[in-house]
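All values below come from the heavy atoms of this structure, side chains included, with hydrogens, waters and symmetry mates left out.
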Amino acid sequence: MSSFLTNQTKIAYADTAQYRVVNGNSVNFRKGPSTSYESLAKLDKGEKVEYISTSNSWTKAKYNNQTGYIYSKYISEIQTKTKYVNCSALNVRSGAGTNYSIIKTIPNGTQVEEIAVVGSWSKIKVGTTTGYVYSKYLSENSTSTVKKYVNCSSLNVRKGPGTDYSIIKSIPRDTQVEVISTNGGWSKIQVGSTVGYVSSKYLSDTKGSSSSTDSSNTSDSSTKVDKLISFAKAQLGKPYVWGAEGPNSFDCSGFTYYVFKNSANITLPRTSKEQSNYGTTVGKSNLKVGDLVFFDTSGENDGNVSHVGIYIGSNQFIHSSSSKEKVVISDFSNYYNNAFVRAKRVL
């Protein structure tokens, strides 16, 4: 390959530039779009050029401030790669060099899309931001994790990065988690054997930290609970029908499934037994309004779940009762105290 093509750092750095990669060996870089034109150089597989246009079977490209043509079948679009930040904080710059301004700084473990590599710099996209980072601070795999601590009273771990995803479990203040990656205000974390997503603003570097939004988070949770209980009570008197899940009739788990889905946008498993394995387990003495309560109503209580309701406070719960043949509110009488198996918190 001609020596004048070895300095890749001279490729234009404009954000509007598009790049292509050579997919063959000793590919001619010609002065014009025909084999009759002189070859400026031979390009090897993996060489990157700045794309200008395509006409017929030829691609016009720029490389090292030289403009030429490559037979189109020997050039391909660059596929983006998923990479991860491997340092404590990485500056994203407006161009490929330390003389360019810093657009933003992203933390260790952040997942980015690598669009192109120019010399020692990578053009990346993270969220809605496109910029350049020093390539050595990106890794193929997220091998390093950062330890953080929950800084609010209770933090929901969800299946995906958004409030529209269902809650896997809730973890209390000062719980230590491992942050796998961070993107768009959400952190992928591992706590124990659970892997899920949490809002990044509720994580801090040290124990005992308090989020300024903790009170608003608690208020938001209370609002959701109030909405859920109000919606549940609106179903009072609707008939019990085995296998029904609303809107006009319910069995016990169909009732809880319908209420959580339509008032809190949480999709529970369908049966009471499956629901009893969802969310965070809480003791009967620590029940809060909105918790799911589970019972064994099939003979002697041997721990098998066969019934479910929603705790509404004051030692009462709302449920679709087969014996009452409708949605009712019941007390934790001797019968239900003896039949109680467990409770789960999903809000």
Evaluation steps, side-chain contact (heavy atoms from CB on, under 4.5 Å), between V305 and R342: CA-CA 9 Å; V305 170; R342 68 176 69 94; 3.5 Å; yes
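Ring to ring, F295 and Y336 are close: their centroids are under 6.0 angstrom apart. In this structure, the ring of Y335 has its center no less than 6.0 angstrom from the ring center of F340. Ring pair F332/F317: centre-to-centre distance below 6.0 Å.
A salt bridge links E245 with R270: the closest approach of a Lys/Arg side-chain nitrogen to an acidic carboxylate oxygen falls below 4.0 angstrom. Using a 4.0 Å cut-off between a side-chain N of Lys or Arg and a carboxylate O of Asp or Glu, K125 and E113 do not qualify as a salt bridge. Ion pair E114/K123 not flagged as a salt bridge, since none of the NZ, NE, NH1 or NH2 atoms sits closer than 4.0 Å to an Asp/Glu carboxylate oxygen.
Across every non-hydrogen atom of I52 and A61, the tightest pair is CD1-C, 3.8 Å. Closest approach of S249 to V241, counting heavy atoms only: CB-CG2, 3.6 Å.
For the residue pair Q275 / T256, a side-chain donor-acceptor distance below 3.5 Å is found, with atom types taken as modelled. Side-chain atoms of K60 and T67 include no donor-acceptor pair closer than 3.5 Å. If you check the side chains of S135 and S120, you find no donor sitting under 3.5 Å from an acceptor.
In this structure the side chain of I318 never reaches within 4.5 angstrom of the side chain of V328, judged on heavy atoms.
Legend: residues meeting side chain to side chain contact (heavy atoms under 4.5 Å, CB included) with T175, ordered by chain and number and at least two apart, are V150, I171, P172, V177, V191.
W58 and Y74 fall within a single hydrophobic cluster, where Ile, Leu, Val, Met, Phe, Trp and Tyr are joined by side-chain heavy atoms under 4.5 Å apart, directly or via other members. Residues F250 and I312 fall within the same hydrophobic cluster, defined by Ile, Leu, Val, Met, Phe, Trp and Tyr side chains chained together at heavy-atom separations under 4.5 Å.
Paired with V293 under the rule side chain to side chain contact (heavy atoms under 4.5 Å, CB included), one option of I310, L287, V308, V341 passes, and it is L287.
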